[in-house]
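Numbers for residues simply follow the sequence, beginning at 1. As the structure is a computational prediction, the values presented were derived from the model and not from experiment. Values below: every heavy atom of this structure, side chains too, minus hydrogens, waters and symmetry copies. We count ligands from 1, going down the list as the structure has it; atoms in each ligand are counted the same way.
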Amino acid sequence: MNRESIGEFTEEMIKKTADLLVNSKHAVILTGAGISTESGIPDFRSPKTGLWSMMTPSESMKMFTDHKIFWKIVREIGPKIIKAKPNKAHKIIAQLEEMKIVKALITQNIDGLHKRAGSPLPMRLHGDATEFMCVVCHGRFDAKEIIQKHKPEDDNLPPTCPQCGGQLILDVVLFGENLPRGAWIESVAQSEKSDLFIVIGSSLMVSPANQLPLYALKYGAKLIIINNSPTDLDDKAQMVLRGQIVEVMKKVYKQIKKIKN
Ligand code: NAD
């Protein structure tokens, strides 16, 4: 497959992306943390602003056993997720799903913004940080309320269930943990079925989510990558639109509207 560009995106590439979307039979989108940076939530690997500057994968694995680390991370990310609103790119994807142009949305994100933007059933590979779950009674609670009630002097204590007193955990997949089985199986099936697979805002460095574009390619899909920095799969993509996601998606959507009217 020829790579058309790894530089800045062009109007020609916007038109081609819109054409491919409109004419696809089964377009699938995979999003990563990059789609939510313009909503104010830091990603992992953007230079300077990424979360890796304050949390390492090994801290992430200790998160449920070391309560100090747990609260350090929740305090850093929680308020940003609570305050964040879906941006235009989340909304455009929801719109494209409603128009039946995008048939499936897979996300690595845990911020709940796709759902809040109106996407009916995003396949969430890494869980949802807007909810806490009790390990004893399996009750689910709004993370916002739990975070607001927490006092910094209780940093060494686990958050507890308001119903039964059991330990609360965030409903997210940590490094080294298995993905939710159903979401993973469905994501693989959708990727293999796709004729157009678009990756938006992912470094494609986290496995196994980064295998999904390869499943799509194996079954003949065209791959488009929208990201502001290079990824390992750029060479395999039909097109790489290197730019800010909201700007690119607004242009693609405008072009789709032109084609449709
Ligand atoms: P990543 O941080 O590894 O990569 C994000 C990519 O998006 C980077 O290549 C970056 O250059 C690009 N990017 C950032 N902002 C952009 C913008 N406005 N326009 C264009 N490109 C932009 O993220 P990942 O690939 O999703 O994988 C990391 C893991 O991070 C996932 O497991 C995810 O669960 C977790 N995470 C999620 C959130 C969230 O839910 N919002 C936030 C941080 C981390």
Original post:
Taking heavy atoms and a distance under 4.0 Å, where does N109 meet ligand 1: side chain, backbone, both or neither?
Top reply: both

**OP:** For the pair W71 and H150, name the ring-plane relationship: parallel under 30°, tilted 30 to 60°, perpendicular over 60°.
**Re:** parallel

Original post:
Side chain, backbone, both or neither: which part of Q244 comes within less than 4.0 Å of ligand 1 when only heavy atoms are counted?
Top reply: both

**OP:** Using a 4.0 Å heavy-atom cut-off, say whether I245 meets ligand 1 through its side chain, its backbone, both or neither.
**Re:** both

Original post:
Taking a hydrophobic cluster as the set of Ile, Leu, Val, Met, Phe, Trp and Tyr residues connected by side-chain heavy atoms closer than 4.5 Å, whether directly or through intermediates, do L20 and Y219 fall within one such cluster?
Top reply: no

**OP:** Identify, by atom number and element, the atoms of ligand 1 in contact range of G32, meaning under 4.0 Å from any of its heavy atoms.
**Re:** 26 (O)

Original post:
Does E38 come within less than 4.0 angstrom of ligand 1, counting non-hydrogen atoms of the residue?
Top reply: yes

Original post:
Out of curiosity, does L121 fall in the hydrophobic cluster containing M123 (side-chain heavy atoms, cut-off under 4.5 Å, transitive links)?
Top reply: no

Original post:
Within less than 4.0 angstrom of ligand 1, does P42 place any heavy atom?
Top reply: yes

Original post:
Do K16 and Q238 have side chains that get closer than 4.5 Å, going by heavy atoms?
Top reply: yes

**OP:** Would you kindly say whether H126 and T107 are connected by a side-chain donor-acceptor distance under 3.5 Å?
**Re:** no

Subject >> Option of least heavy-atom distance to atom 10 (C) of ligand 1 (set: I81, T31, N228) >> reply: N228

Original post:
With a 4.5 Å heavy-atom cut-off, do R124 and I110 have their side chains touching?
Top reply: no

Original post:
Counting from 1, what ligand 1 atoms have a heavy atom of G201 closer than 4.0 Å?
Top reply: 5 (C), 6 (C), 7 (O)

Subject >> Note, I200 side chain near I29 side chain (heavy atom, < 4.5 Å) >> reply: yes

Original post:
What part of D111 sits under 4.0 Å from ligand 1 if we count only heavy atoms: the side chain, the backbone, both or neither?
Top reply: both

**OP:** Say whether L96 and I259 are linked into one hydrophobic cluster, either directly or through other cluster members, by side-chain heavy-atom distances under 4.5 angstrom.
**Re:** yes

**OP:** Could you tell me which atoms of ligand 1, counted from 1 in the order shown, lie closer than 4.0 angstrom to a heavy atom of G243?
**Re:** 19 (N), 20 (C)

**OP:** Go through ligand 1 atom by atom and flag the ones less than 4.0 Å from a non-hydrogen atom of S36.
**Re:** 41 (N)

Subject >> Side-chain touch L223/V199, heavy atoms, less than 4.5 angstrom >> reply: yes

Original post:
Which atoms of ligand 1 have any heavy atom of I110 under 4.0 Å away?
Top reply: 39 (C), 40 (O)

Original post:
Atoms of ligand 1 less than 4.0 Å from S203 heavy atoms?
Top reply: 1 (P), 3 (O), 4 (O), 5 (C), 6 (C), 9 (O), 25 (O)

Subject >> Cluster overlap V252 with V246, hydrophobic side-chain contacts below 4.5 Å >> reply: no

Subject >> Ligand-side contact atoms (ligand 1) for residue partner A33, heavy atom cut-off under 4.0 Å >> reply: 23 (O), 24 (P), 26 (O), 36 (N), 37 (C), 38 (C), 42 (C), 43 (C), 44 (C)

**OP:** State the atoms of ligand 1, each with its element, that fall below the 4.0 Å cut-off from a heavy-atom position in T37.
**Re:** 14 (C), 15 (N), 16 (C), 17 (C), 18 (N)

